[in-house]
Amino acid sequence: MVAEVAGSITPRNDGQRNNKHMLSRSLHTTTVGRSASIRRLRRRVNASSRLFCSTNGCPSFLEIDGDRQMAICPVCGFHRRLD
């Protein structure tokens, strides 16, 4: 038996279950959201004059190295030749 502290308030049990589960996204919602984010990324790349790193999940622009005629991603190390 747990001893109660003087002046403490015990929680009321009104017969309702305390359900704290979060709803997950359905497969359809996930697919639609991913498609929208890919379209948004493509629009952003097309609107920009800078080279965008195209590796999966890398959100950065490429830095141009004019001496070696290369564009290099500072985040993931992706290299692209500039012709």
Side-chain angles (χ1 to χ4, degrees):
M1 182 167 190
V2 177
E4 294 202 22
V5 178
S8 68
I9 301 172
T10 57
R12 184 176 78 186
N13 185 4
D14 54 1
Q16 294 180 355
R17 289 183 4 178
N18 191 3
N19 198 359
K20 295 182 181 179
H21 297 291
M22 224 169 71
L23 296 175
S24 62
R25 297 174 75 176
S26 68
L27 178 61
H28 176 71
T29 307
T30 304
T31 305
V32 169
R34 180 165 171 77
S35 299
S37 68
I38 290 172
R39 281 193 304 274
R40 195 176 317 116
L41 180 65
R42 286 186 185 141
R43 280 194 300 268
R44 186 183 340 147
V45 170
N46 290 338
S48 175
S49 62
R50 299 171 64 186
L51 293 173
F52 191 75
C53 183
S54 61
T55 57
N56 190 19
C58 186
S60 63
F61 288 102
L62 299 176
E63 294 177 354
I64 298 175
D65 184 2
D67 296 337
R68 298 188 309 173
Q69 296 294 316
M70 298 278 291
I72 303 167
C73 177
V75 176
C76 68
F78 176 73
H79 293 249
R80 178 184 291 173
R81 285 194 61 77
L82 300 174
D83 294 326

What pairs meet the side chain to side chain donor-acceptor pair (under 3.5 Å) rule with one or both residues in residues 62-78, with sequence neighbours excluded?
-> Asp65-Arg68

With sequence neighbours left out, write down each residue that passes side chain to side chain contact (heavy atoms under 4.5 Å, CB included) with Val32, or none if nothing qualifies.
-> His28

Hey, are the side chains of Phe61 and Leu51 touching, using non-hydrogen atoms and a 4.5 Å cut-off?
-> no

Using side-chain hydrogen bond (donor to acceptor under 3.5 Å, both in side chains) as the criterion, list what pairs up with Ser35, not counting sequence neighbours.
-> none

For residues 74-83, the salt bridge (charged side-chain N to carboxylate O under 4.0 Å, His left out) pairs (sequence neighbours left out) are none

So which pairs with a foot in residues 26-36 pass salt bridge (charged side-chain N to carboxylate O under 4.0 Å, His left out), sequence neighbours left out?
-> none

Going by chain and number, the hydrophobic cluster around Ile72 (ILVMFWY, side chain to side chain under 4.5 Å) further includes Met70

